[in-house]
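Reading through the structure tokens given below for one structure.
Side chains included, hydrogens not; waters and symmetry mates left out as well; all remaining heavy atoms used.
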Amino acid sequence: MIEFKGVTKIYEDTETKALDNLDIRIETGEFVFIVGSSGAGKSTLLKLMMREEVPTSGTININGFNLNTLKKRQIPYFRRSLGIVFQDFRLIPSMNVYDNIAYAMRVIGSRESAIRKRVPYLLGLVGLNSKARSKPNQLSGGEQQRVALARALANNASMIIADEPTGNIDPKMSYEIVDLLNHINADGTTIIMVTHDYHLVKTFNHRVITIKNGKIESDYPDASHIDVEPYSFDGPENEISSYFIEEDNGNLDYLMETYGVLGDEALDDAVIEIPGEEGVAQ
């Protein structure tokens, strides 16, 4: 469950009021699209949900955590209840698909026996069993995003937060990604997805929250109010294109910050195995 009560966020360095007295309640198991123009406050909303930022005023409660009072050492534990999917994938270029997914489990101390069971299941879920040993730059954009989604599911998160997950892939692959999220939601996982693609929103017809100038402009239970056509894929113009990511070592830092355990005592209790180039622990 997500609950924002009177949440305002002001960035003091620029005196920008990104969010203004927001009240939002999202129940467990909902699928919610968050839409709005650039600069409306969507990114700030997600940063508050992930505890990358704290509100200037108001309270935020997510999955039983009070984010206002959450201590720094507790943040990684809170984030384990979330699966986070980004537009730019954030895969580790030097690791193959299997190890990109497994790494999210390794950094929190999961046993290799559990990883060997969980990762093939996730690869099957996203339809990438045949790509287990491929590197990210050998995959299409849609395949990379499916790997990122599998990684978000690696630790059995109760909630998936997807920040423009279809922004770098073509419409047909976009549909497939959201269709997969839709099936995951049907099994009880809460889905929060920020998007600019109103055709996708219309196609899947879930709750739609529109943000404008840092405020809730509208909150509809479905997409019936959106005046666009849903996607339909019948013609040759919908052939899938390939996209490739830049190598970025910052992705490894992101995974440690998101899934890693802070503090020497906690690290002493964790079993962390980092795969080498050939998958051998180092």
Side-chain angles (χ1 to χ4, degrees), residues 31 33-35 38 42-43 46 50 82-104 119-154 157 160-185 189 191-204 206 228 230-255 258-259:
F31 191 130
F33 288 110
I34 297 176
V35 300
S38 296
K42 304 186 304 298
S43 294
L46 293 191
M50 294 183 283
L82 311 176
I84 304 169
V85 185
F86 291 92
Q87 178 178 342
D88 57 356
F89 317 132
R90 302 198 186 184
L91 302 179
I92 300 172
S94 62
M95 291 184 184
N96 61 33
V97 166
Y98 181 98
D99 286 327
N100 261 282
I101 300 169
Y103 189 75
V119 175
Y121 163 76
L122 293 169
L123 285 169
L125 183 67
V126 300
L128 290 175
N129 275 321
S130 64
K131 303 289 186 177
R133 298 302 171 188
S134 299
K135 295 291 181 65
N137 66 355
Q138 297 172 309
L139 306 177
S140 71
E143 289 169 336
Q144 290 177 60
Q145 193 58 285
R146 280 187 277 164
V147 176
L149 179 55
R151 187 181 63 195
L153 295 167
I160 300 295
I161 296 176
D163 184 8
E164 292 282 0
T166 63
N168 285 336
I169 54 181
D170 61 75
K172 191 168 184 179
M173 275 296 182
S174 297
Y175 175 89
E176 292 182 6
I177 292 294
V178 183
D179 189 47
L180 181 55
L181 287 171
N182 202 45
H183 281 85
I184 292 166
N185 171 251
T189 302
I191 307 292
I192 312 297
M193 178 175 163
V194 168
T195 183
H196 283 99
D197 192 334
Y198 286 91
H199 297 281
L200 275 177
V201 175
K202 186 73 170 185
T203 302
F204 290 93
H206 291 293
V228 299
Y231 276 129
S232 176
F233 301 103
D234 298 318
E237 69 276 6
N238 294 304
E239 292 181 358
I240 297 168
S241 303
S242 294
Y243 303 82
F244 297 93
I245 63 171
E246 301 279 340
E247 293 201 2
D248 182 1
N249 293 330
N251 294 326
L252 188 63
D253 295 333
Y254 160 75
L255 280 179
T258 302
Y259 297 103

[X] versus [Y], closest heavy-atom pair with distance:
X: Val85; Y: Ala152; result: CG2-CB, 3.7 Å
X: Arg151; Y: Ala104; result: CG-CB, 3.6 Å
X: Thr203; Y: Tyr231; result: OG1-N, 2.8 Å
X: Ser134; Y: Leu139; result: CB-CD2, 3.9 Å

4.5 Å side-chain heavy-atom contact, [X] and [Y]:
X: Ile184; Y: Leu149; answer: yes
X: Val147; Y: Val126; answer: no
X: Gln144; Y: Ile169; answer: no
X: Ser140; Y: Met173; answer: yes
X: His196; Y: Lys42; answer: yes
X: Phe89; Y: Pro136; answer: no

For the backbone of [Y] and the side chain of [X], can you confirm whether one donor and one acceptor N or O come within less than 3.5 Å of each other?
X: Gln145; Y: Pro165; result: yes
X: Arg146; Y: Leu180; result: no
X: Thr189; Y: Asn185; result: no
X: Asn96; Y: Asp99; result: yes

Nearest 0.5 angstrom please: [X] [atom1] to [Y] [atom2], how far?
X: Leu200; Y: Asp179; atom1: CG; atom2: CG; answer: 10.5 Å
X: Ile101; Y: Tyr121; atom1: CD1; atom2: OH; answer: 12.5 Å
X: Leu125; Y: His183; atom1: CG; atom2: NE2; answer: 10.0 Å
X: Leu46; Y: Glu164; atom1: CG; atom2: CD; answer: 9.5 Å
X: Asn182; Y: Met193; atom1: CG; atom2: CE; answer: 11.0 Å
X: Thr195; Y: Asp163; atom1: OG1; atom2: CG; answer: 10.0 Å

Would you please name every residue forming a side chain to side chain contact (heavy atoms under 4.5 Å, CB included) with Asn129, sequence neighbours left out?
Leu123
Taking only residues two or more places apart in sequence, or in another chain, which ones meet Pro120 in a side chain to side chain contact (heavy atoms under 4.5 Å, CB included)?
Tyr98
Considering residues at least two apart in sequence or located in another chain, which fulfil the ring-ring contact (aromatic ring centres under 6.0 Å, His included) criterion with Phe204?
Tyr175
Between Phe31 and His206, how do the two ring planes meet: parallel, tilted or perpendicular, split at 30° and 60°?
parallel
